[in-house]
Amino acid sequence: MVYLAKIFKLNYIFSMNKIMQIYEKLFEFYGPQHWWPAEDKEEIIIGAVLTQNTAWKNVEKAIQNLKAKNLCSLAAIFEIDIEELKDAIKPAGFFNQKSIYLKNISRFFKEEGGIEKLSNFQTEKLRKKLLNVKGIGKETADSILLYAFQRPIFVIDAYTKRLAERHKLTEKLDYDSLQRLFTNNLPKDHQLFNEYHALIVKNAKEFCRKKPDCKNCPLKEFL
DNA sequence: CACCAGGAATGTA
DNA sequence: TACATTCATGGT
């Protein structure tokens, strides 16, 4: 029974919790989101840093600048002069810090022998290694784990927090509590976690930014 | 003009 | 542990 429930497309057979119901509603409304929007895993990792507290639109410009200079890889970022790196990522903001963060991450992957080697580590071990890199916090680490390494780790962001708040999914709104909430109420499926987080972002951008438009939101019935 | 965006590090009590 | 501050560009 529990095993069958892991096949999330059949989960409706069993009693669906609120977390799962919200996912079903979002997926029904928006369909698959095809995240992470990037050509390869290294671009995901780079984008994960660039998007820290930054509109994705600006990250896209920075990524394009990097690609135009053949800098959109960890090896290239490791080698390039940091001032030139700053110049390329400038549209994404916080370029003084992010240039250092990207250098740190590129050095980390170099020292660890690349993505292939790191793929051999268990998820929790890999997560701790990522968190040791200055510039990678919980959300960035989890984004990399989920979208680049395909690990079943649920990403919590400001949108997820606001969703849990508005729909009264829980009392405790800190990162770890929210992550446990979603993890404990969903089948541990990386593809499901992938879509769910992307759908939360999609929905927030469409109905919650600026003037909240709750009457047309697919989640209005859960308020 | 103010406010926010797919956060994290650092400092304070 | 629990908040407050700082970082910076570009869109609304």
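By convention in this document, chain letters (A, B, ...) are assigned in the order of the sequence lines, proteins followed by strands, and residues within each chain are numbered from 1. In this text, all values refer to a predicted model and were calculated from it rather than measured experimentally.
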Of all residues at least two apart in sequence or in a different chain, which pass the salt bridge (charged side-chain N to carboxylate O under 4.0 Å, His left out) check with E116(A)? none

Using atom P in both nucleotides, what's the gap between dA8(B) and dG10(C) to the nearest angstrom? 22 Å

Validate the cation-pi geometry between K129(A) and F121(A): distance from NZ or CZ to the six-membered ring centre under 6.0 Å, angle to the ring axis within 45°. yes

Whole angstroms only, please: what is the CG-C1' distance between D174(A) and dC3(C)? 14 Å

Rounding to an integer number of Å, can you tell me how far K205(A) NZ sits from dT12(C) P? 12 Å

When we call it a touch if two heavy atoms are under 4.0 Å apart, what does F94(A) touch: a base, just sugar-phosphate, or nothing? base

If each of Y101(A) and P37(A) is mapped to the nucleotide of DNA chain B with the nearest heavy atom, which maps nearer the 5' terminus, i.e. the 5' end? P37(A)

Rounded to whole Å, the CZ-P distance (F95(A) to dT9(C)) equals 5 Å

Could I get the full list of salt bridge (charged side-chain N to carboxylate O under 4.0 Å, His left out) partners for K138(A), not counting sequence neighbours? D176(A)

Could you tell me the separation between the CD1 atom of I63(A) and the P atom of dG10(C), rounded to a whole number of Å? 15 Å

Kindly state each residue pair satisfying salt bridge (Lys or Arg N to Asp or Glu O under 4.0 Å) with at least one member in residues 140-157 of chain A, sequence neighbours excluded. R127(A)-D142(A)

Residue set satisfying salt bridge (charged side-chain N to carboxylate O under 4.0 Å, His left out) with K67(A), at least two apart, ordered chain then number -> E39(A), E43(A)

Filter on salt bridge (Lys or Arg N to Asp or Glu O under 4.0 Å), then keep only pairs touching residues 89-102 of chain A, sequence neighbours left out; what's left? none

Can you name the salt bridge (charged side-chain N to carboxylate O under 4.0 Å, His left out) partners of K202(A), sequence neighbours left out? none

May I ask you to decide whether D87(A) forms a salt bridge with K69(A), counting only side-chain N to carboxylate O separations under 4.0 Å? yes

Among residues 129-147 of chain A, which ones have heavy-atom contacts with DNA chain B below 4.0 Å? V133(A), K134(A), G135(A), I136(A), G137(A), K138(A), E139(A), T140(A)

Measuring from the side chain of K61(A) (C-beta onward, heavy atoms only), which nucleotide among dT9(C), dG7(B), dG10(C) has the closest atom? dG10(C)

Ring-face cation of K110(A) near F78(A) (centre distance under 6.0 Å, axis angle within 45°): yes

In chain order, what residues pass the side-chain hydrogen bond (donor to acceptor under 3.5 Å, both in side chains) check against E195(A), with sequence neighbours excluded? none

For E165(A) and R162(A), run salt bridge (Lys or Arg N to Asp or Glu O under 4.0 Å): C-alpha distance rounded to whole Å, both residues' side-chain angles, the deciding distance at 0.1 Å, then the answer. CA-CA 5 Å; E165(A) 203 170 13; R162(A) 192 169 60 193; over 6 Å; no

Assess the residue pair W35(A) and W56(A) against the criterion (ring pair (Phe, Tyr, Trp, His ring centres under 6.0 Å)); give the C-alpha distance rounded to whole Å, side-chain angles, the decisive distance to 0.1 Å, and a yes or no. CA-CA 13 Å; W35(A) 271 36; W56(A) 182 252; 7.4 Å; no

Does anything in residues 38-59 of chain A reach DNA chain B, meaning a heavy atom under 4.0 Å, and if so which residues? T51(A), Q52(A), N53(A), T54(A), A55(A), W56(A)

Closest approach of F154(A) to Y175(A) (non-hydrogen atoms, all atoms of both residues): O-OH, 4.2 Å

Between residues 103-112 of chain A and DNA chain B, which residues have a heavy-atom gap below 4.0 Å? none

According to the salt bridge (Lys or Arg N to Asp or Glu O under 4.0 Å) rule, which pairs have a member within residues 45-57 of chain A, sequence neighbours left out? none

Heavy atom of residues 81-93 of chain A under 4.0 Å from DNA chain B: which residues? none

Spacing between Q97(A) atom CD and dT5(C) atom C1', to the nearest angstrom: 12 Å

Write down the distance between CG (N65(A)) and C1' (dG10(C)), rounded to a whole number of angstrom. 13 Å

